[in-house]
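Step one of this worksheet: look at the structure below.
Note that the structure is predicted; figures quoted are calculated from it, not measured. Lettering of chains follows the sequences in order, A, B, ..., and the numbering in each one begins at 1.
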Amino acid sequence: MAYWLMKSEPDECSIDDLARSPNQTVPWVGVRNYQARNFMRDRMLVGDGVLFYHSSCPEPGIAGLAEVASTAYPDATQFDKKSKYFDEAAKREEPRWQHVDVKLVRKTRLLSLAEMRNAPSLESMVVLKRGNRLSITPVTPQEWRAVLEILERE
DNA sequence: GCCAACGTTGGC
DNA sequence: GCCAACGTTGGC
């Protein structure tokens with residue numbers, strides 16, 4: 001059992017969008033970074049914990065808890081010329097991009113980026129490291145518990 | 001809109 | 001393999 005933080009722009013898919021999706025599940029399409037892809041392809045298992053994070057928005061932060069709901073499979077948008085995620089270098093017989101499905105566990109209060117930065121127990125989180133831009137980052141069990149503990153305080 | 005940080009591309 | 005140029009991310 002592993003834990004992850006996954007960034008989503010609320011304009012694209014917010015925690016409420018996730019809650020309204022069929023089975024409260026969305027395919028995590030559009031990742032076009034090899035390191036993030038490799039996490040999904042090589043390390044994610046069904047049931048892994050996910051911190052659902054809102055990025056590139058007025059109030060960035062953790063907006064809910066989710067879980068990995070599938071192992072990785074090819075991202076259809078890489079072959080779709082009309083998609084903004086189209087990748088003309090991707091071949092059907094050798095898909096370059098893969099993704100997992102993510103299912104809502106529960107919406108939480110927003111644990112803002114500022115509050116995350118202020119929490120000593122979250123200091124080691126990869127997502128808070130200077131210059132980090134990865135949209136998917138590993139979370140340690142200790143960090144996961146610390147996030148839950150902070151959320152339970154209110 | 002700015003800009004730091006980092007990833008990717010492509011010439012050599 | 002090096003590295004400059006360029007593109008993207010994402011907080012502010």
Over 12 foreign heavy atoms within 6.0 Å of CD, A/Q142: yes
Measure from the side-chain heavy atoms of A/P60 and tell me the nearest of B/dG7, C/dG10, C/dG11. C/dG11
Expressed as a whole number of angstroms, how long is the span from A/Y85:OH to C/dT8:P? 13 Å
Is it true that, when you exclude A/K129 itself, more than 12 heavy atoms of the residues, nucleotides or ligands shown sit nearer than 6.0 Å to its NZ? yes
Of C/dC12, C/dG10, B/dG7, the nucleotide closest to the side chain of A/L113 is C/dC12
I want to check one thing: is the phosphate of C/dT9, taken as OP1 and OP2, less than 4.0 Å away from some side-chain N or O of A/K7? no
Assign the ring pair A/W28 / A/F52 to parallel, tilted or perpendicular, where the plane angle (0 to 90°) is split at 30° and 60°. perpendicular
Please determine whether residues A/I15 and A/L65 belong to a single hydrophobic cluster, defined as Ile, Leu, Val, Met, Phe, Trp and Tyr linked transitively by side-chain heavy-atom distances below 4.5 Å. no
Whole-Å distance between C/dG11 P and A/I62 CD1? 12 Å
Roughly, in whole Å, what's the span from CD1 in A/I136 to C1' in C/dG10? 16 Å
Please answer whether the main-chain N or O of A/R96 pairs with a side-chain N or O of A/Q78 as donor and acceptor at a distance below 3.5 Å. yes
Can you figure out which of C/dG10, C/dC12, B/dC6 approaches the side chain of A/S135 most closely? C/dG10
What is the distance, rounded to the nearest whole Å, between atom NZ of A/K84 and atom P of C/dT9? 9 Å
Gap between atoms CG and P, on A/L110 and C/dG11 respectively (whole Å): 12 Å
Which whole-number value in Å describes the distance from A/E59 CD to C/dG10 C1'? 16 Å
Distance in angstrom units between A/L134 CG and C/dT9 P, rounded: 12 Å
Look at the side chain of A/R117 and decide which nucleotide, out of C/dG10, B/dG7, C/dC12, has an atom nearest to it. C/dC12
Starting at atom CZ of A/R133, determine the distance to atom P of B/dT8, rounded to an integer number of angstrom. 9 Å
Checking C/dG11, B/dT8, C/dG10 against the side chain of A/Y34 (C-beta onward), the nearest is B/dT8
